[in-house]
Amino acid sequence: MKGNESCPRRQPAALVLPAPAPYNAALLTGKWQAFPMLDPKLLRAQPEVVAAQLARRGFVFDLERFRGLEARRKALQTETEKLQAERNAGSKRIGQAKGKGEDVSPIFEDMERIKGQLAGNEQALAALQAEFEDFVLGLPNIPHASVPDGRDEDENVELRRWGAPRTSAGAKDHADLGEALGLMDFAAAAKLTGARFTVLRGALARMQRALIQFMLDVHTQAHGYEELYVPYIVNAASLRGTGQLPKFGEDLFALRNTGAEDRDWRLIPTAEVPVTNLLRDEIQEADALPRKWVAHTPCFRAEAGAAGRDTKGMIRQHQFEKVELVQATLPEDSQRAHEELTAHAEAILKKLELPFRTVALCTGDLGFAAAKTYDLEVWLPSQQRYREISSCSNFEDFQARRMLARYRHAQTRKPELLHTLNGSGLAVGRTLVAILENYQDGEGGIAVPAALQPYLGGMQRIAPAPRA
RNA sequence: GGAGAGAUGGCCGAGUGGACGAAGGCGCUCCCCUGCUAAGGGAGUAUAGGGUCAAAAGCCUUAUCGCGGGUUCGAAUCCCGCUCUCUCCGCCA
């Protein structure tokens, strides 16, 4: 999920950010994490550092508002807790006095006063804490130090290319190819539902299923992931855990008639949500890490802000299939795991012999929850350019903090936040698109990638429909 | 969908409105004893916040016994609503 849309890229001239605070090595290379960002302790201790780091990705951190909220919270909370302590002590004294048969009426007078003050205070504090939480939940993750600075996708950095792209003109796009084969039907889907859906038939429907099977097999057998089957409907707590809520509710399909008034169920936008949330409120033993999970699910996205983009074909749909990789690691291992997970996604493209490139997203293009992201972009001959087919991100402790996903430190035996990562391995619909376009034979037929043939009963080519 | 039972710490399990963040047991950690793949003895062992501190330690403090409300000076305990789990009936892939 990209969060950059809602992050203003230009700062108003009136707002002058303080000079970045001196690089605090102790804070940034703490006992178990390189970037303990959005840690409330750091937020309070050095909000300017947070502001400066978030500014890298074009996010304006409202220092003044934060400081105001924080000052009010501190005063109110201290006072409220003092009153609570008085009340608790008073109650205890009543119990003790009664046990000895003493008169308790003077204590009661005192309690009456405390009770009155507490009622108002507790209400005000709850409201203030809710406001504070909203503010903090709206803060995106801090880019990792290795993420290149930049404003938008034009400043992403290409890391490597693989394969030889077909640069000759005349390649048909996947929608034309699929419709000509009679195996891809957008009109039928529009009748059934509306725009941005697809009906696949025959060999293409089967090829999509084969791709799912193929990807799952590679990741479970060659890359060591455990396969999961998970719910396609999740609750709000799960969406908050991975960062989709509260900020990106517009991108999600919400369900009605769920059987309970206050039940807030949504269709998953990615398997990341149910899979990563398995860790929510759990403490892993250190030797159980890394956890490596792979799941195939359909994904549902409202595409609220995408009107007019990629309107033709299967590139941007409300419903698509994806095979998702998720890892949970020790903090010190997440950087290495990120490289590894990206390589696992790349392996699928290589086995399918699809030309692609790997880019490092710049700070301005990073998703809301990500500290660092590599996108894999596959070559689409009809567009003569690379298009995203996988996004592999390291979230460090950002999701873990929201989810309270922890592990027990081997030495200290204390619970510590773990790191989470995920990546598409791959987006299946777009993989199908890429195969159609890259394997078109110029006569309306589509060759089947060698790696996929065993999953299609040895089929080597999808032949064009006979002319009527 | 109908009827009933339940939810307490890593696990099992006790808990009379007041000394309960919670007996006891298991597990785990450390120590002692023991010449030995055993047994015994002792100590410790929930989590998340806030304050203080340059920081850590420490100290002070709040909250948490499924979740949310309520009664009360005081709630694991009483009342109401909800969620989940289990059993039986019905329906169903």
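Chain letters run A, B, ... following the sequence lines, proteins first and then strands; every chain starts at 1. Remember, predicted model here, so these are calculated numbers, not experimental data.
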Trainee: Say you pick atom C1' in B/C20 and the same atom in B/U8; how far apart are they, in whole Å?
Mentor: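 12 Å, rounded to whole Å.
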Trainee: Scan every strand shown for a Watson-Crick or G-U wobble partner of B/G58, both distances under 3.5 Å, and answer none if you come up empty.
Mentor: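 With both distances under 3.5 Å, B/G58 matches B/U52.
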Trainee: Would you mind telling me which residue lines up with the more 5' stretch of RNA chain B, A/Glu70 or A/Lys82, judged by nearest nucleotide?
Mentor: A/Glu70
Trainee: Pick the nucleotide of RNA chain B nearest each of A/Gln77 and A/Lys414; which residue has the one closer to the 5' end?
Mentor: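 Result of the comparison: A/Lys414.
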Trainee: In whole Å, what separates the C1' atom of B/C67 from that of B/U52?
Mentor: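 Straight-line distance between the two C1' atoms is 34 Å.
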Trainee: Let me know the distance between CG of A/Leu76 and C1' of B/U62, rounded to the nearest Å.
Mentor: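 So the two atoms are 13 Å apart, to the nearest Å.
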Trainee: Report the C-alpha separation of A/Glu86 and A/Arg113 in whole Å, then their side-chain angles, then the decisive distance to 0.1 Å, and conclude whether the salt bridge (Lys or Arg N to Asp or Glu O under 4.0 Å) test is met.
Mentor: CA-CA 11 Å; A/Glu86 276 181 51; A/Arg113 175 189 55 90; 3.5 Å; yes
Trainee: B/C88 pairs with which nucleotide, Watson-Crick or G-U wobble, both distances below 3.5 Å?
Mentor: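 Per the H-bond distance test, B/G2.
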Trainee: Using 4.0 Å as the upper bound for N to carboxylate O, is an ion pair formed by A/Arg65 and A/Glu131?
Mentor: yes
Trainee: How far does the P atom of B/C65 sit from the matching atom of B/C26, given to the nearest Å?
Mentor: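 Roughly 27 Å separates the two P atoms.
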Trainee: Both distances below 3.5 Å, Watson-Crick or wobble geometry, any strand: find the nucleotide opposite B/G81.
Mentor: B/C67
Trainee: Assign A/Arg87 to base, sugar-phosphate, or nothing according to its heavy-atom contacts below 4.0 angstrom with the strands shown.
Mentor: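 Answer is sugar-phosphate: A/Arg87 comes under 4.0 Å of backbone atoms only.
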Trainee: Check this one for me: any side-chain N or O of A/Arg408 less than 4.0 Å away from OP1 or OP2 of B/A46?
Mentor: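 No, because none of the side-chain N or O atoms of A/Arg408 sits under 4.0 Å from OP1 or OP2 of B/A46.
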Trainee: Any donor-acceptor pair under 3.5 Å joining the side chain of A/Gln129 to the base of B/G50?
Mentor: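 No, the side chain and the base share no sub-3.5 Å donor-acceptor pair.
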Trainee: Could you check how far CD of A/Glu109 sits from P of B/G74, rounded to whole Å?
Mentor: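 In whole Å, B/G74 P lies 16 Å from A/Glu109 CD.
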Trainee: Return the pairing partner of B/G40 with a 3.5 Å limit on both distances, Watson-Crick or G-U wobble; otherwise return none.
Mentor: B/C32
Trainee: Please measure how far the C1' atom in B/C53 lies from the corresponding atom in B/C59, and state the result in whole Å.
Mentor: 10 Å
Trainee: Do NZ/NE/NH1/NH2 and the carboxylate oxygens of A/Glu48 and A/Arg67 come within less than 4.0 Å?
Mentor: yes
Trainee: Nearest to the A/Ser91 side chain among B/A19, B/G74, B/G50, which nucleotide is it?
Mentor: B/G74
Trainee: Heavy atoms under 4.0 Å, any strand shown: does A/Gln96 hit a base, just sugar-phosphate, or nothing?
Mentor: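 Result for A/Gln96 = base.
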Trainee: So, A/Arg196 and A/Glu303, do they make that salt bridge, N to O below 4.0 Å?
Mentor: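 Looking at A/Arg196 and A/Glu303, the cut-off is not met.
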Trainee: Between B/U72 and B/G10, how far is it from one P atom to the other, in whole Å?
Mentor: 34 Å
Trainee: Which nucleotide wins on minimum distance to the side chain of A/Gln84, given the candidates B/G74, B/U62, B/G50?
Mentor: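 Nearest to the side-chain atoms of A/Gln84, counting from C-beta on, is B/U62.
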Trainee: Contact class for A/Arg406 vs. all strands (heavy atom < 4.0 Å): base, sugar-phosphate, or nothing?
Mentor: sugar-phosphate
Trainee: Provide, to the nearest angstrom, the distance between the CD1 atom belonging to A/Ile94 and the P atom belonging to B/U72.
Mentor: 14 Å
Trainee: Starting at atom CD1 of A/Ile114, determine the distance to atom P of B/G74, rounded to an integer number of angstrom.
Mentor: 10 Å
Trainee: For A/Phe368 and A/Phe395, I'd like to know if the aromatic rings sit close, meaning centre-to-centre distance below 6.0 Å.
Mentor: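 Ring-ring flag for A/Phe368/A/Phe395: false, centres at least 6.0 Å apart.
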Trainee: Taking any strand in view, what nucleotide pairs with B/G10 in a Watson-Crick or G-U wobble way, both distances under 3.5 Å?
Mentor: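 The answer is B/C26, by the H-bond criterion.
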Trainee: Could you measure between the two C1' atoms, the one in B/G35 and the one in B/A19, and give it in whole Å?
Mentor: 48 Å
Trainee: How many whole angstroms separate atom CG of A/Leu125 from atom C1' of B/U62?
Mentor: 10 Å
Trainee: Please report the distance, rounded to the nearest Å, between NZ in A/Lys98 and C1' in B/C73.
Mentor: 8 Å
Trainee: Using a cut-off of 4.0 Å on non-hydrogen atoms, how would the nucleic acid contact of A/Asn88 be classed: base, sugar-phosphate, or nothing?
Mentor: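 The answer is sugar-phosphate, as A/Asn88 gets under 4.0 Å only of primed atoms, P, OP1 or OP2.
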Trainee: How far, in whole Å, is B/C79 from B/A63 if one measures between their C1' atoms?
Mentor: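 Between the two C1' atoms, the distance is 23 Å.
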Trainee: Please report, rounded to the nearest Å, how far the P atom of B/A48 is from the CZ atom of A/Arg402.
Mentor: 19 Å
Trainee: Between the side chains of A/Glu70 and A/Arg73, is the shortest nitrogen-to-carboxylate-oxygen separation below 4.0 Å, so that they form an ion pair?
Mentor: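 So A/Arg73 pairs with A/Glu70 through a salt bridge.
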Trainee: What nucleotide among B/U52, B/C73, B/A48 has an atom nearest to a side-chain atom of A/Lys74?
Mentor: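 That would be B/U52.
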Trainee: Ignoring hydrogens, what is the shortest heavy-atom contact between A/Gly313 and A/Ala175? Give both atom names and the distance.
Mentor: CA-CB, 3.9 Å
Trainee: What integer distance in Å separates A/Glu133:CD from B/A48:C1'?
Mentor: 13 Å
Trainee: Considering only atom P, compute the distance from B/A57 to B/U64 and round it to an integer number of Å.
Mentor: 25 Å
Trainee: The side chain of A/Arg44 lies closest to which of these nucleotides: B/U62, B/U47, B/G50?
Mentor: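 Selected nucleotide: B/G50.
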